[in-house]
Amino acid sequence: MQNDPELNPRYLGKISSDFVKVAESLKEASYAIRKQGFSKFPVFPMCQIEQPVGQMLMEIGQAENEWHYFASFSEEFLQRGLIIDEETFQESYKDPDEFCCLFVIDREFTNFVFVPYPID
C-alpha cells in the first residue's frame with residue numbers, strides 16, 4: 001500500500017498539482033467520515049471518467065481541477081474486492097489528519113497513493 005516506487009515523479013506531480021486545488025475539501029470530508037463514525041479509513045478515488053466506487057465529491061472543473069474526486073472508505077473497497085488484506089491496508093494507512101488516501105484510477109496507473117495535505 002505504500003506509494004508505488006515505480007510511480008513516475010512527473011505523474012505524481014500531475015496528481016499532486018490537481019490535488020492541491022481540492023485538498024481542503026477532501027480534508028474536511030475525511031474528518032466528517034471519521035467523526036460521523038462511517039470509517040477510520042477514508043479513501044478518495046480520483047479519475048477523469050465516471051466510475052462506480054464512492055460518492056461524487058468534486059466534479060472536474062469545480063475547483064479548476066482536472067480530475068473527479070469521490071468519497072469512500074476502506075470497507076467499500078473490501079466489499080468490492082479492491083482491498084484483499086484489510087490488516088495490511090490498515091497497517092500501511094497513513095495518519096488521515098496529515099495524509100489523504102487517494103485511489104488513483106487512470107490508464108497509466110491504478111493504485112493507492114498517500115499525499116500530504118498542504119500546510120496552511
Side-chain angles (χ1 to χ4, degrees):
M1 291 314 139
Q2 301 302 320
N3 288 343
D4 186 340
E6 301 301 311
L7 180 57
N8 179 323
R10 185 180 304 162
Y11 193 68
L12 184 58
K14 178 177 152 184
I15 293 166
S16 297
S17 65
D18 201 68
F19 168 74
V20 114
K21 299 171 186 173
V22 299
E24 194 59 39
S25 295
L26 297 186
K27 191 172 188 177
E28 289 172 11
S30 173
Y31 177 79
I33 288 168
R34 291 178 286 127
K35 179 79 172 168
Q36 294 173 12
F38 290 113
S39 178
K40 294 179 181 176
F41 306 98
V43 178
F44 297 95
M46 67 180 284
C47 59
Q48 294 181 314
I49 57 168
E50 293 286 331
Q51 56 79 32
V53 181
Q55 298 294 314
M56 178 67 75
L57 188 62
M58 304 272 303
E59 292 184 2
I60 289 176
Q62 201 168 331
E64 299 181 15
N65 50 307
E66 297 177 12
W67 297 73
H68 292 295
Y69 292 85
F70 298 79
S72 186
F73 35 86
S74 64
E75 291 80 357
E76 180 179 4
F77 279 73
L78 279 164
Q79 290 171 351
R80 292 179 177 271
L82 298 168
I83 293 175
I84 307 301
D85 184 347
E86 181 177 16
E87 188 176 328
T88 300
F89 178 81
Q90 290 178 358
E91 287 172 1
S92 59
Y93 193 90
K94 297 185 182 210
D95 180 347
D97 288 321
E98 294 182 27
F99 291 87
C100 184
C101 178
L102 298 173
F103 184 69
V104 181
I105 304 167
D106 197 27
R107 283 185 220 122
E108 297 176 45
F109 178 84
T110 298
N111 207 343
F112 293 94
V113 177
F114 292 90
V115 180
Y117 290 110
I119 298 171
D120 297 332

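The analysis underlying the following values was restricted to heavy atoms, covering all of them including side chains, and did not include hydrogens, waters or symmetry mates.
- Rounded to the nearest 0.5 angstrom, Trp67 CH2 and Ser17 OG are separated by 10.0 Å.
- No side-chain heavy atom of Asp106 sits under 4.5 Å from any side-chain heavy atom of Cys47.
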side-chain contact (heavy atoms from CB on, under 4.5 Å) between Phe19 and Leu102, intermediate numbers included: CA-CA 9 Å; Phe19 168 74; Leu102 298 173; 4.1 Å; yes
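- Listed by chain and number, the residues in a side-chain contact (heavy atoms from CB on, under 4.5 Å) with Glu87 are Asp85, Glu91 (sequence neighbours excluded).
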For Cys101 and Phe112, run side-chain contact (heavy atoms from CB on, under 4.5 Å): C-alpha distance rounded to whole Å, both residues' side-chain angles, the deciding distance at 0.1 Å, then the answer. CA-CA 7 Å; Cys101 178; Phe112 293 94; 3.8 Å; yes
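- By the side chain to side chain donor-acceptor pair (under 3.5 Å) test, Glu28 pairs with no residue at all, sequence neighbours left out.
- Asp18 is linked by a side chain to side chain donor-acceptor pair (under 3.5 Å) to Tyr69, counting only residues two or more places apart in sequence or in another chain.
- If you run side chain to side chain contact (heavy atoms under 4.5 Å, CB included) between His68 and each of Met46, Glu50, Gln62, only Glu50 comes through.
- A salt bridge (charged side-chain N to carboxylate O under 4.0 Å, His left out) check over residues 51-78, counting only residues at least two apart or in different chains, returns the pairs Glu76-Arg80.
- The salt bridge (charged side-chain N to carboxylate O under 4.0 Å, His left out) pairs that include a residue from residues 30-42 are Arg34-Asp97, where partners are two or more places apart or lie in different chains.
- Judged by distance alone, with hydrogens and angles left aside, the side-chain atoms of Ser30 form no donor-acceptor pair with the main-chain N or O of Leu26 at under 3.5 Å.
- Taking the ring-ring contact (aromatic ring centres under 6.0 Å, His included) definition, one finds that Phe70 meets it with nothing, sequence neighbours left out.
- Across Leu57 and Ala29, no two heavy atoms sit closer than the pair CD2-CB, 3.9 Å.
- Ala63 meets the side-chain contact (heavy atoms from CB on, under 4.5 Å) test with Val22, Met58, Asn65; sequence neighbours excluded.
- A 4.5 Å side-chain heavy-atom check between Thr110 and Val104 finds every atom pair outside the cut-off.
- Side-chain contact between Pro42 and Ser72 is absent, with no heavy atoms from C-beta onward closer than 4.5 Å.
- Remark: Ile105 CD1 to Asn111 CG distance equals 11.0 Å, nearest 0.5 Å.
- Taking CZ from Phe89 and CG from Leu78, the interatomic distance works out to 8.0 Å, rounded to the nearest 0.5 Å.
- Judged as a ring-ring contact (aromatic ring centres under 6.0 Å, His included), the pairs with a partner in residues 28-64 (not counting sequence neighbours) are, in order, Phe41-Tyr93.
- In this structure, Cys100 and Phe114 have side chains that are not in contact, with every pair of non-hydrogen atoms separated by 4.5 Å or more.
- Side-chain contact between Phe77 and Val43 is present, with at least one heavy-atom pair separated by less than 4.5 Å.
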